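Encoded as structure tokens, the structure appears first; notes follow it.
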Amino acid sequence: MTTTKKKEPKKKTRTKAPAKAVKATKSTVVKKATAKKSVARKSASKVKAVTSSANRQTATLKKPASTRKTFVSKARTRTKRAAPKNAVMITSESVKAVVPVKAAPKAIVPAPKFEKALAEVKPEPVKMDAPEYEDHAFNPQVMEPGWQQKWEADKLYRSVIDERKPKHYALTMLPYPSGDLHIGHWFSMIPPDARARFKRMQGYNVMFPMGFDAFGLNAENAAIKDGIHPMKRTFQNIERMRRQMRSMGTMFDWEREAVSADPEYYKWTQWFFVQLFKHGLAYRKMAAVDWCPKDNTTLAREQVIGENRVCERCGTPVVKKNLEQWFFKATQYADELLNFDGIDWPERVKTLQTNWIGRSEGASVVFHTEKGDLIEIFTTRPDTLWGATFMVFSPEHPLVDAITSPEQKAAVDEYKLQAARQSDIEREATDKEKTGVFTGAFAINPVNEERIPIWIADYVLMSYGTGAIMAVPAHDERDFEFARKYGLKVIPVIQPVGVDGGPPVQELNGETMEAAHEHEGIMINSGLFNGTRATNDKGIKNPAIKAVIEWLEERGIGKRSVNYRYRDWLISRQRYWGAPIPMIYCNVHGWNPVPEDQLPVLLPEDVEWKPTGESPLKLHPTWKNTTCPICGEPATRETDTMDTFMCSSWYHLRYLSPHYDKGPFDETEYNYWMPVDTYTGGIEHATMHLLYTRFFHKALRDMGITEGNEPMMQLRNQGMVLAEDHSKMSKSRGNVVAPDDLVNKYGADTVRAYLMFFARWEMGAPWDAQGIEGTSRWMRRIWTLFTDPAQPRTGSAFDGRQLRRKVHQTLRKVTHDYESFEFNTIISSLMELMNEMYKAREAGAVGSPAWAEAQAIYLLMLAPVAPHIAEELWTNHLGKPYSIHQQSWPHVDEAAAKEDSIELPVQINGKVRDRITVPAESSEEEIKAAALASETVRKYLDGREPKKVIVAKGRLVSLVL
RNA sequence: GCCGGAGUGGCGGAAUAGGCAGACGCGCACGACUCAAAAUCGUGUUCCCUUUGGGAAUGAGGGUUCGAUUCCCUCCUUCGGCACCA
């Protein structure tokens, strides 16, 4: 925010370092800019090259191998690279300026060693009932686990760098290990799994990894409920979920699995925190923050949702608390986050993020009190400045006490108290009648020198803009209501225009008008601007606003300015189950990061881990005691842990090299695989994870750690699976569908196919337990079609061309649908083709080349949907080489797909009256002639000539009589 | 209030460079097989009218067009987000 002059909290030593950091960074950059020019130019061209290739959707075959040094040394030594506008320019020198390290960091007293509880984690076996299904010919319960084991033993889905192939990084949001997988997980994983398999068959080197977002409230609350230590409970759940995911026949590459609660993972989460701190992007401040009284922790603004401002996790209304917390400077990227160029993301998500960031364009204008105190305000309507007849301060505005007159002091104090007592919801309810109190002070309107009263009112929020507004009652609804209630002056300055820009129907009169006029018009009562046309456009697109801003800037009383609703990301959590924030506080040296070679700061195991409102780590007798990395004197650790969204902001990077220990990821892997080509997951993360991860990527980019402007090139969101009664599925309602039961009953292939078929994937739908029977039937019919050597039954002769046409038309359609996430029509097309093949088989197709081709192509198209049955039929029944999942996607034979005659409907006056069959290559004239020759048409024509004949080639003939 | 999705048979849905509305599946009905049931197979299934046949219909109403589920306008319902944001 450019205009907000928020008062810094009382300067304590502890807040100094980060505040300084920003300043130091900026000034250093300016100084260093020239010296670094050549370096910057050099790396700029490189960045550009890499970015453009990375941003291409279909990756090219080869990227130059990295010639850089190891990761850590890069992060330390690399100077700034050309970064886009608005980026933080940071140099290693500026980092040094931030942290006043004189000597080499002293070894600190290490945190107690975490005895890995993993060894004792004995996973509860996943219950798999004996199959009820009694069809011996087709037995998925036996066949599926068999193939799964073979594929795994053969490492079929392992993804390794292969420069000869184009890469495809398919990423699906990772689950919280809070219990069993539910059907929603399957819905989010299976269709993307099928698509990843399809991409693989198309010749891409596909990486499709999976992991667990294992820290955080979800996993911790689940552990609390069971009364089992979160470490133990979480890893037990992970083991269960891994098995369940395997039973789905997914192609996840388990060698790339990443678990955010594993020290080898969170070491780097902490390392990132340190980098952000060193670059001035992590800071600590006292603020009125959102607190969930049930989960006993603070929350980020994004994690407080809905009208009633409830906790995103547990639905409890949050309260405000004044606390000192750690923040990430996400607002620094507000403008860049509004730019979605080059990425293929759904409009819905882009809109949600845009609204969340809430950019408003306008002006900041400087007012003064009569006595000379400076008041800065933000307005989106500088063209109405002449109509500002009073000012309103938020009750918490720091100037209030100083300007209040002795006569008004009692009333003002009373009002402030009452405002403080109210909850946010009460205060900010839009339907509440406005209240306020006069301060006794006056300001001077800088555009016309008018003396205007200053009021305080709780409809002005300290958290937006500057906490003070100019009130223009004639043109703002809220100000109007306030002015009428307290008898304040109303002066219209925008005269509405009548139709065609003529005179208004009724001229505005400040005394009598009944509502604010918030729209376009002609400026009046505005000095030299009288007669200027004000449109409904926002910002400087509005000529009146543009003219006034230019004038304000000339006179030095205001300037163009932008305001955001977006807030910095609060990441402190007063909970046990998270990555400890790797910071140390010393009475002399303030806050300093734990030296990087001493990461990770491990979570202690022996704590009372249940939440109390204070961080459990604070209550540990010794954990927090350490020594200052600068002076070696006794110091204390930060005892809060990090928001789990911090862990998930970079998990796509950890998959690149989950066991790499020289950095958060192996650069060679990064250079080959990144960026993520296709990202899939729920839309509920639109303003949380999906915004955090973009911010995170941009921050890392500016620190020289990542490349390109965006981490994920294409995003697709699945809808939600609702319960059969259209309500949300939840354990408490008892309406959840357990996928394990479905797999036991029908087999994974059937469940997979049904999940792709029963709804539009991007929409979701209520679950229909009956519907799966149809998909199960389809599987069995496929089995029969391939395994039962049926005798020809009908007399009609088999036409190989017709079968081939259907096969290749289906292939074309299915290929398109995999590409564009239209999974439900893949299944219906395959069902249709199967029905066609049944007919062909009855006509005696078996044994013909067309039949053999149809069988092969059918299984190849089916393989991504139903990997087990496709493999079984391919390998064991058709005797083709193992594995079907290593075959290439078939090519459409366009000649075979072509129709040789087509049936066209004939419309007469817009109604279909007949159909004619013509050769596919017929000319318009021929089609027209054929239509006019039809008996039905002649009957309707009754000897007359049609007024008009329209031939839509390949579609229809339309006659107008 | 603002922003953004979505409204098609009993149900999930299909069809949009404007061109046969209801593909595919569920459900339902009838039939075959069976002592019977299940499974399987076959036929039918938007609604209305007195049949041959005709009419109406894609949330409602209007418009553009030979032709609109698709494009435009005005509404309605519903889901999601934001909300005294100056």
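Hydrogens, waters and symmetry mates play no part in the numbers below; they use all other heavy atoms, side chains included. Note that the coordinates shown come from a computational prediction; the quantities given were computed from them, not determined experimentally. Quick note on labels: first sequence line is chain A, next is B, and so on, each numbered from 1.
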If you pin A/H726 and A/E347 to their nearest nucleotides in RNA chain B, which one's is more 5'?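 Its nucleotide being nearer the 5' end, the pick is A/E347.
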
How do A/T775 and A/L904 order along RNA chain B: which one's closest nucleotide is nearer the 5' end?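 Nearest-nucleotide comparison on RNA chain B picks A/L904.
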
Nearest to the side chain of [X], heavy atoms from C-beta on, is which of [options]?
X	options	answer
A/R348	B/G5, B/C82, B/A14	B/G5
A/R913	B/G54, B/C3, B/A83	B/G54
A/E822	B/A17, B/A15, B/G5	B/A15
A/V912	B/A21, B/G19, B/G12	B/A21
A/R777	B/A17, B/C26, B/C84	B/C26
A/S828	B/C66, B/A86, B/C24	B/C24
A/N824	B/A14, B/A83, B/C85	B/A14
A/W356	B/A15, B/A86, B/C82	B/C82
A/F757	B/G12, B/C84, B/A86	B/G12
A/T351	B/G4, B/G19, B/A86	B/G4

Do the non-hydrogen side-chain atoms of A/P946 and A/L932 ever get within less than 4.5 Å of each other?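 Yes - at least one pair of side-chain heavy atoms lies under 4.5 Å apart.
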
Take atom [atom1] of [X] and atom [atom2] of [N], then tell me their distance rounded to the nearest Å.
X	N	atom1	atom2	value
A/K813	B/U16	NZ	P	7 Å
A/I377	B/C85	CD1	C1'	14 Å
A/I469	B/C85	CD1	C1'	11 Å
A/I305	B/G81	CD1	C1'	10 Å
A/L956	B/A68	CG	P	12 Å

Set out, in order, the CA-CA distance, both residues' side-chain angles and the distance that settles salt bridge (charged side-chain N to carboxylate O under 4.0 Å, His left out) for A/K806 and A/E832, then state yes or no. CA-CA 9 Å; A/K806 185 69 182 173; A/E832 251 181 88; 3.2 Å; yes

Checking side-chain contact (heavy atoms from CB on, under 4.5 Å) between A/T384 and each of A/V548, A/V493, A/I545, which is the one that passes?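 The side-chain contact (heavy atoms from CB on, under 4.5 Å) with A/T384 is passed solely by A/V493 among A/V548, A/V493, A/I545.
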
Please measure how far the C1' atom in B/G59 lies from the corresponding atom in B/U78, and state the result in whole Å.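 Per the computed distance, 10 Å lies between those C1' atoms.
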
Is B/G44 syn or is it anti, if syn means the base angle is within 90 degrees of 0?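 Here B/G44 takes the anti form, which means its glycosidic angle is more than 90° from 0.
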
Heavy-atom closest pair, residues A/E518 and A/R381: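 Minimum heavy-atom separation between A/E518 and A/R381: O-NH1, 3.5 Å.
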
For A/Q907, answer base if it contacts any base atom (sugar-phosphate contacts may also be present), sugar-phosphate if it contacts only those atoms, and nothing otherwise; contact means non-hydrogen atoms under 4.0 Å.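 Counting heavy atoms under 4.0 Å across all strands, the contact made by A/Q907 includes a base.
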
May I ask you to say what A/S958 touches in the nucleic acid, namely base, sugar-phosphate or nothing, with a heavy-atom cut-off under 4.0 Å?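 Here A/S958 touches the bases of the nucleic acid.
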
Check the orientation of A/H685 and A/H689. Use parallel for under 30°, tilted for 30 to 60°, and perpendicular for over 60°.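 Because their plane-to-plane angle is over 60°, the rings of A/H685 and A/H689 count as perpendicular.
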
For RNA chain B, produce a single dot-bracket line, 5' to 3'. Pairs: Watson-Crick or G-U wobble, both distances under 3.5 Å. Symbols: ( ) within strand, [ ] crossing, | other strand, . unpaired. (((((((..(((......[....)))((((((.......))))))((((...))))..(((((..]....))))))))))))....

